[in-house]
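Heads up: the structure comes next, in structure tokens.
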Amino acid sequence: QVQLVESGGGLVQAGGSLRLSCAASGRAFRPYGMAWFRQAPGKEREFVVYITSSGGTTYYADSVKGRFTISRDIAKNTTYLQMNSLKPTDTAVYYCAAKINAGPVNLRGSYDYWGQGTQVTVSS
């Protein structure tokens, strides 16, 4: 099993920044990619960004490209999401997820493990 714990969420004004962290622990037999998804009130959970197991390749949703940056520290088993130029429409619960098996990176069903989420609220 892999356990994922998000942290770093909070309340920020529009235009501000936050950095989220996702700490992974436990048992994994294979390398795994990591992603961030988010879910706003009344909306479905949506893909935000993915990073490969090596950290060498990333894929961003159009809505965050140029504002958000994903990175990971393999040795520390931690994945980060740096969020800049935040907008009220970024308000959501942010979840990290681990992808061990094959599948499209932007689909929820491709992921094997999920964290509990951390709230990000952007005020106007």
Side-chain angles (χ1 to χ4, degrees):
Q1 291 184 323
V2 175
Q3 293 81 46
L4 305 175
V5 179
E6 302 95 337
S7 62
L11 175 64
V12 64
Q13 289 188 316
S17 298
L18 285 173
R19 189 180 74 160
L20 307 184
S21 297
C22 177
S25 62
R27 188 179 186 185
F29 290 103
R30 298 169 56 191
Y32 51 91
M34 294 293 300
W36 290 94
F37 286 74
R38 66 187 184 184
Q39 188 164 21
K43 298 184 67 177
E44 296 183 359
R45 192 171 300 187
E46 67 173 353
F47 171 77
V48 177
V49 62
Y50 174 83
I51 187 167
T52 55
S53 59
S54 68
T57 304
T58 57
Y59 301 93
Y60 291 87
D62 289 343
S63 59
V64 305
K65 191 173 183 65
R67 300 188 297 120
F68 291 9
T69 303
I70 191 171
S71 61
R72 69 189 300 176
D73 187 326
I74 305 300
K76 294 182 178 179
N77 293 320
T78 302
T79 303
Y80 305 96
L81 182 64
Q82 178 66 47
M83 304 185 294
N84 298 326
S85 301
L86 283 162
K87 306 173 181 179
T89 49
D90 295 318
T91 295
V93 177
Y94 283 71
Y95 300 88
C96 64
K99 181 178 180 293
I100 295 175
N101 299 305
V105 301
N106 63 327
L107 298 183
R108 289 163 287 178
S110 295
Y111 293 83
D112 302 279
Y113 301 98
W114 293 83
Q116 290 296 109
T118 185
Q119 177 71 49
V120 172
T121 303
V122 184
S123 66
S124 59

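In terms of heavy-atom proximity, Q3 sits nearest to G26 at OE1-CA, 3.5 Å. Of all non-hydrogen atoms in L4 and A24, the two that sit nearest each other are CD2-CB, 3.6 Å. Of all heavy-atom pairs spanning S53 and R72, the tightest one is CA-NH1, 3.3 Å.
In this structure, the side chain to side chain contact (heavy atoms under 4.5 Å, CB included) partners of V120, at least two apart in sequence or on a different chain, are L18, L20, M83, Y94, V122. Under the rule for a salt bridge (Lys or Arg N to Asp or Glu O under 4.0 Å), the partners of R67 that lie at least two apart in sequence or sit in another chain are D90.
Among pairs with a residue in residues 38-77, those fulfilling ring pair (Phe, Tyr, Trp, His ring centres under 6.0 Å) read F37-F47, at least two apart in sequence or across chains. Sorted by first and then second residue, the disulfide (SG to SG under 2.5 Å) pairs with a member in residues 69-123 read C22-C96; sequence neighbours excluded.
One hydrophobic cluster holds both V48 and Y32 under the rule that ILVMFWY side chains link at heavy-atom gaps under 4.5 Å. Side-chain heavy atoms closer than 4.5 Å link hydrophobic residues (I, L, V, M, F, W, Y) into clusters, and following such links, possibly through other members, connects I70 to L86. Tracing side-chain contacts under 4.5 Å through hydrophobic residues (I, L, V, M, F, W, Y), one never reaches W36 starting from Y111; they form parts of separate clusters. V2 and I51 fall within a single hydrophobic cluster, where Ile, Leu, Val, Met, Phe, Trp and Tyr are joined by side-chain heavy atoms under 4.5 Å apart, directly or via other members.
The line from OG of S124 to NZ of K87 is 14.0 Å long, rounded to the nearest 0.5 Å. Atom CD of Q1 sits about 10.0 Å away from atom OG of S25, to the nearest 0.5 Å.
Q119 has its side chain within reach of T91: a pair of non-hydrogen atoms, C-beta onward, lies under 4.5 Å apart.
Not a single donor-acceptor pair under 3.5 Å links the side chain of Q116 to the backbone N or O of E6.
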Taking distance alone, no hydrogens or angles, what donor-acceptor pairs closer than 3.5 Å link side-chain atoms of residues 99-108 to residues at least two apart or in another chain?
residue: K99; atom: NZ; partner: N101; partner atom: O; Å: 3.0
residue: K99; atom: NZ; partner: G103; partner atom: O; Å: 2.9
residue: N101; atom: OD1; partner: R30; partner atom: NH1; Å: 2.8
residue: N101; atom: ND2; partner: D112; partner atom: OD1; Å: 2.9

Report all side-chain donor-acceptor pairs from residues 75-82 shorter than 3.5 Å, counting only partners two or more places apart or in another chain.
residue: T78; atom: OG1; partner: K76; partner atom: O; Å: 2.9
residue: Q82; atom: NE2; partner: N84; partner atom: OD1; Å: 3.0

